[in-house]
2 protein chains.
Amino acid sequence: MARKAPLSDDALELVARRFAVLSEPMRLRLIQALFDGERSVGELVAATGGTQGNISRHLQTLTQAHVLARRKEGLQVYYSIADPSIFRLCELVCGSLEKSLTRQAGAFGA
Amino acid sequence: MARKAPLSDDALELVARRFAVLSEPMRLRLIQALFDGERSVGELVAATGGTQGNISRHLQTLTQAHVLARRKEGLQVYYSIADPSIFRLCELVCGSLEKSLTRQAGAFGA
DNA sequence: ACTATACATGCGCATATACGCATATGCTTG
DNA sequence: CAAGCATATGCGTATATGCGCATGTATAGT
């Protein structure tokens with residue numbers, strides 16, 4: 001098939017939803033907190049400073065989007081990053097933003 | 001500096017906004033239409049099937065986010081992709097989604 | 001100067017969603 | 001079975017934003 005075939009409406013919707021899931025600071029914070037391994041909800045609440053209910057909801061959103069995986073163990077529920085592409089995504093965006101900000105800063109210095 | 005230093009609140013906000021800009025199907029459609037070179041607003045309106053006002057607004061959003069660049073030539077305004085990381089971003093998300101969907105489909109077949 | 005063309009923008013509405021609060025559910029222990 | 005802890009969820013509210021519609025602004029041609 002053609003490498004550059006335009007995406008269908010449904011595909012575009014899916015891609016957009018994917019990006020939307022990553023468009024909340026609190027969810028990015030959660031992802032960041034999971035960068036070096038799985039954590040329980042309680043740990044994530046402590047790490048992010050959010051309320052328990054809100055954190056739980058965000059974790060649900062991320063899990064439904066297959067970004068996170070859920071593992072239940074006794075009373076606790078452990079979440080972890082399920083989609084490794086997340087790492088690259090964050091790297092890319094961070095790199096792009098750094099470049100953008102550096103250039104903005106340079107506009108004053110030069 | 002540490003490779004894994006957690007991002008500041010401001011940085012997280014910026015990253016989130018970046019993803020948010022990419023979380024609308026119509027904007028993705030515009031980006032897709034610009035994949036092989038710059039186009040005028042009129043061409044983009046025709047290519048996407050959106051209304052002129054709406055398209056213009058989305059183009060503004062994308063330009064303010066430094067995703068697109070704007071070039072005025074006479075009556076027309078030409079937009080083009082300014083941030084090359086967009087290509088990688090879309091590739092990554094599409095690849096991840098394909099994998100996800102394939103696995104879902106496989107869950108029925110197997 | 002007037003008109004036409006291409007693009008941008010102000011306004012209002014409808015919808016989506018993040019958050020706080022309270023409460024429900026599930027599991028473990030005594 | 002009762003009680004307690006960890007997590008999930010229903011509900012209301014405030015805010016954000018995509019869209020349609022109409023209108024404003026800039027540039028080119030006569």
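Throughout, a chain's letter reflects where its sequence line sits, starting with A, and its residues are numbered from 1. All values reported here derive from a predicted model rather than from experimental measurement.
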Regarding [X], tell me which of base, sugar-phosphate or nothing describes its non-hydrogen contacts under 4.0 Å with the strands shown.
{"X": "A/Q60", "value": "sugar-phosphate"}
{"X": "B/G53", "value": "base"}
{"X": "B/E24", "value": "sugar-phosphate"}
{"X": "B/T51", "value": "sugar-phosphate"}
{"X": "A/Y79", "value": "sugar-phosphate"}

Please compare B/R70 and A/R27 by the position of their nearest nucleotide in DNA chain C and report the one closer to 5'.
B/R70

Assert: residue with more 5' nearest nucleotide on DNA chain C, out of A/L75 and A/A20, is A/A20

Going hydrophobic residue to hydrophobic residue with side-chain gaps under 4.5 angstrom, can you get from A/I86 over to B/L7?
yes

Report yes if a side-chain nitrogen or oxygen of A/H58 is closer than 4.0 Å to either non-bridging phosphate oxygen (OP1 or OP2) of C/dT17; otherwise report no.
no

Has B/Q64 got a side-chain atom pairing as donor or acceptor with B/T61's backbone, closer than 3.5 angstrom?
no

Check if the side chain of A/R57 and the base of D/dG10 share a donor-acceptor pair of N or O atoms closer than 3.5 Å.
yes

Interatomic distance, A/N54 CG vs D/dA14 C1' [rounded to whole Å]
14 Å

Whichever of B/T61 and B/Q52 has its nearest DNA chain D nucleotide further upstream toward 5'
B/T61

